[in-house]
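Sequence lines set the chain letters: A, B, ... in the order given, protein chains first and strands last, and positions in each chain run from 1.
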Amino acid sequence: MRKGAHVRTRLVTLLLALIAALLAIPGTAAADAQGGESVWGQIRNPDSDDEGVEGVDIAVSQEGEEIGSATTDADGNWEVEVPEPGTYQVVLDEETVPEEFDLLQVPAGAERDVEVRADQRFAVVYRLVPQGEGDVAASPSESQEADSEDSGGSGEEDAAGSGAEEGEGVVEAPGVATGPGLANQIIGLTVAGLLFGLIIAISSVGLSLIFGTTRLINFAHGDMVTFGAVMAMIFSGTSMLTGLHEPFADVPVLGLVTNPLIVGTVLAVVCGAAVGGVLELFLWRPLRKRNVAMIQMFIVTIGVALLLRHLLLVVFGANREKYVQFRIQDMVNIGPIAITPRDLGIMVLSVLVLVAVASMLQFTRIGKAMRAVSDNRDLAESSGIDVNRVTVYVWMLGGGLSALGGVFLGLNQSVYWQMGFHLLLLMFAAVILGGLGTAYGAMVGGLVIGLVAQLSTLWFSAQLMNVWALLIMIVVLLVRPQGILGRRERVG
Amino acid sequence: MDIMMTLALSLETAIGPIAAIYVLAAIGLNMHFGYTGLLNFGQVGFMLVGAYGVAVCVTTFGLPLWVGFCVSVLCSVVLALILGIPTLRLRADYLAISTIAVAEVLRLLYRAEFARPVTGGVYGRQSFADAFYEFNDRVGIIPPGSYGIGDVDFSADELWLMLVSWACVALALGMTAMLMRSPWGRVIKGIREDEDAVRALGKDAFTYKLQSLVLGGVFGGVAGVLIALNQGNITPDQFMPQVTFYLWAMLLLGGVGTLWGPVIGPVIMWFLLTLFDETLRSLASSGALPFLATSDSGALRHALVGIALMLLIIYRPQGLVGNRKEMLVNVK
Amino acid sequence: MSSDGIDATRTAPAAAGGPLAAVEPVPGVAKPDPILTASHIRRSFGGLTAVNVDHLEVQRGTITALIGPNGAGKSTLFNLLTGFDKPNEGTWSFQGQPLNGVAGHRVARRGMVRTFQLTKALTRLTVLENMLLAAPGQVGEGFFGAFGWWMWRRQEQANRERAMELLARFKLDAKKDDIAGSLSGGQRKLLEMARALMVNPSMVMLDEPMAGVNPALVQSLLGHITALRDEGTTVLFVEHDMDVIMGISDWIVVLAQGQVIAEGRPSDVRSDQQVIDAYLGTQHDEPQGAKTEEKP
């Protein structure tokens, strides 16, 4: 039975992924038709193929006129969007290559001419070689070989592909344009912070409720976020959904409602809820029945997290990808705030969802039961609440919400296999700040953490964004461990 | 023949320096969790400060290697104090979250741009281990050459590092054994069972926990030093939280709260992991597994560790050498 | 169980001619030779005042019982006095020395050792290890001392002998090498009491020592408690069962809603109308309340 539980959990995950992957294959081409053109690539550290090289400048020009430029991020990724198909010149600024590396001049040097077809993301491969002779020793967490493929550059999947480890661990700043001037910058970052905070809040409500109802710290929650984002990406790329969209594409409301990503998101949320429910029914409940100690359960969640994360890696690959829908948008101005309709949509939807969740918790029977169980499981049980049933619903709610949070995060930034794991610590911070076990606390905490992370970039490097959020968490733990909205527990 | 090569390679990993490094870090983790009951999910943080202690001292400040080693140990102690003084009063689950957070904050700080003049930022530090190998060349403890039986063989440098690593392990193991048979160890184990009861008997549980955190942290820090010596170059991003999770899996495999568990666990785990990697690779390169790219083996391996963690906890919580009866009593 | 039944089998309480004979049974009364004195202790959780004790003294060498309905704040007061919780205000002293803000383990070292309502046997340690752990002033207890086994070997042997004597007294000597987790509930209570004695306390604080113990063992526990008093150890204990308390206590303190509403010899308290109202009036909903208040 219990062995069956694992097999089943794994099978369901794999099966879902497999079905989705099969559906996705014919869909990719169709999905491509919606995106714009761009030139992109990843510059990797020759010492360890899994890490990117940060801070290399690349400029793209057409007939001597600069179209755009990019600097590689911490993963070595860069991308420049180009206005239309055509021939472009891509130049890597060799000055910005770190001293310890040289640019490989064969088969081509720093300057390349590329021919971008319609709707193509053209990959330009630059390779670095170490200047000295650094030996590549097995690093503790992996011994990945990523050198097997060295394909040129066409289509979606290519050289950026295979690293198993993102050499980074930072969720990047949500992209909201900021105008010049401190005031504008503050406004821009506040909006970005709110956006980020709302995403954290949505993702972590479940984490907090799960802790409240079962006392379990779910280290796999981050990977449930990734799961949602990846599922939405897979679904939205299927030919079935794009086919569904086509007849309605030009109808105002229906066109939006049938957008593959929106339908895909709904499906992803359903899948997320299903994963949550399945985990509770076939893993956590049997474990609780066996009286497995809480500490061991934490470790099981880590096991689930490792499993889920790396299955997603196998299925999805190590690339960062963006949803093809809603990718390039013009800013709209609302007063002093410039925001893309996409981000505005995320914010409005997040607020709506949070209000809906709050109303559910506040006014419905099951919601009240959830809060009661979260407050005091024994008391709730003795007052006639079916605690087991409530727990399943909490897991489903948590799974669904984290999947939704994943889609939003993916929309705002990009989808990659570690996105949720990188968000996990911020979710912990949010949940602890607000008060472990309280749903509203997670919402408040999420907003605060999002704002702090974003606004810190006013004064400090964006690399340290997460540091501030985590430091806040640690300070809260020291000063008021029960969190902002939590109640103090009695000792002894 | 191929199978023999694979086995030989797996065996090399299992007794090689990397396994010894993990054994040492796992002994530290065992001190924390196995004996004291501290839920430390940030052991990698100690390894990070340990590795960087040596690397930074040698490359950035040009100090001799042995000074670097002392600095590493000192850094581990300081980290344990900084981590422990505020958080050891918290509940076990909060401690878990704050340790993982602190380890991650450290990694982010070490890789940050402002730290680059000291730590080398994302590029880390290179070529600081020469003095270590030169020492062997000069003193001639292991004369140059190749050592081994059959397909298992090590170079003189590797053997020298192995010697030092396993010596560190032996020392740590001896210390642990002595401590755990003393009244100190009794109090530590008492704290694992029930901290309040121990306090009610007049023992300062906090100080004991702090001592345990420092000792286990120093073991982790020394493991970090050995990582640095083994690789000759380090980057912050190799100290991801996964390392801690690997350590947990290994410790659980061996047996939590036992003397030999943290030794057996990593050795067997590294053997199996290498075996898995190599087998999968040779299968994939021979085209037997068309649906798998070679690059998936790492991901699958991580997934496997995840499954191992779950199955171990559920079906064999006592690990390979633990006492099942004792383990089952522990229903909290 | 009637109080008379117990009286017949036990040493009669010292009420008749003991040092408390002349003490007037009013809340907060001064005792001739107090070992523990507490004043103005107040502890509130949120807006709720759990404990609000104006003045309380415990006479040296007696058995004092702390009773009261559930939610009266008995356990909280225990936690406060033993340093396991901090009051919002108040001062208290033990053997003439102030205990304010003294940490739990220091309180124990000064000779005031407590037990817990939910027994805290150190489950994966053996019974003997449980005992040895409690021995005070061990050389091998320090981190560096631990390495000098030649320094603590003899002390360890002496402790072992004393532990075996205590275990024999509590009839646990045959179980010395069993892990404590394998003991029955009642045996754990005995072990916890024996372990507390290992500290050489001048006062033991027993938090519901009889809770969940079968009647036969209750008799034996009562015997051990009176024996303690007869050896000169002061005992303060929290208990629910009125009959048990009446039988062995020299002095009874009644707590209700965090306040001392009455104190006196068993005979005084038994006839106190306020006590009957407070105690018996709420006794009926006990099982309900028990769950919420008695969280460890």
So which atom in A/Met473 and which in B/Ser98 form the shortest heavy-atom distance, rounded to 0.1 Å?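 What the structure gives for the nearest pair is CE-CA, 4.4 Å.
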
Heavy-atom closest contact (A/Val314 atom, B/Ala299 atom, distance):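 Reported closest heavy-atom pair: CG2-CB, 3.7 Å.
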
Contact winner vs chain A - B/Ala96, B/Gly37, B/Ser127, B/Pro241, heavy-atom pairs under 4.5 Å: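 When all of B/Ala96, B/Gly37, B/Ser127, B/Pro241 are compared, B/Pro241 has the most.
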
Against chain A, work out which of B/Ile234, B/Ile100, B/Val44, B/Ile313 has the most heavy-atom pairs shorter than 4.5 Å and name it.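 The residue among B/Ile234, B/Ile100, B/Val44, B/Ile313 with the greatest pair count is B/Ile313.
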
Given side chains that start at C-beta, do those of [X] and [Y] come closer than 4.5 Å, heavy atoms only?
X	Y	value
B/Gln242	A/Phe421	yes
A/Val467	B/Leu109	yes
A/Leu307	B/Met310	yes
A/Leu306	B/Phe245	yes

Passes side chain to side chain contact (heavy atoms under 4.5 Å, CB included), A/Ile432 versus B/Tyr94? Steps please. CA-CA 9 Å; A/Ile432 285 179; B/Tyr94 286 134; 4.2 Å; yes

[atom1]/[X] to [atom2]/[Y] distance, rounded to the nearest 0.5 angstrom?
X	Y	atom1	atom2	value
B/His302	A/Leu311	NE2	CG	12.5 Å
B/Glu113	A/Leu464	CD	CG	10.0 Å
B/Ile97	A/Phe219	CD1	CZ	6.0 Å
B/Leu108	A/Leu425	CG	CG	9.0 Å
A/Gln296	B/Leu252	CD	CG	7.5 Å

May I ask you to check whether over 12 heavy atoms, not counting those of B/Arg89, lie within 6.0 Å of atom CZ?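 Open.
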
Counting only heavy atoms closer than 4.5 Å, note whether B/Leu106 contacts chain A via side chain, backbone, both or neither.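 Neither part.
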
Which atoms of B/Leu39 are under 4.5 Å from chain A, going by heavy atoms: the side chain, the backbone, both sets, or neither?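 For B/Leu39, side-chain heavy atoms alone lie under 4.5 Å from chain A.
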
Could you go through A/Leu477 and B/Thr87, starting from their C-alpha distance and side-chain angles, then the distance that decides it, and tell me whether this counts as side chain to side chain contact (heavy atoms under 4.5 Å, CB included)? CA-CA 8 Å; A/Leu477 277 178; B/Thr87 57; 5.7 Å; no

Return the option, out of A/Leu470, A/Ile474, A/Thr301, A/Ile299, with the maximum number of heavy-atom pairs under 4.5 Å with chain B.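 The option with the most such pairs is A/Ile299.
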
Looking at B/Ile314, is its backbone amide N or carbonyl O close enough to the side chain of A/Arg290 to form a donor-acceptor pair, meaning the two atoms are under 3.5 Å apart?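 Yes; at least one donor-acceptor contact below 3.5 Å.
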
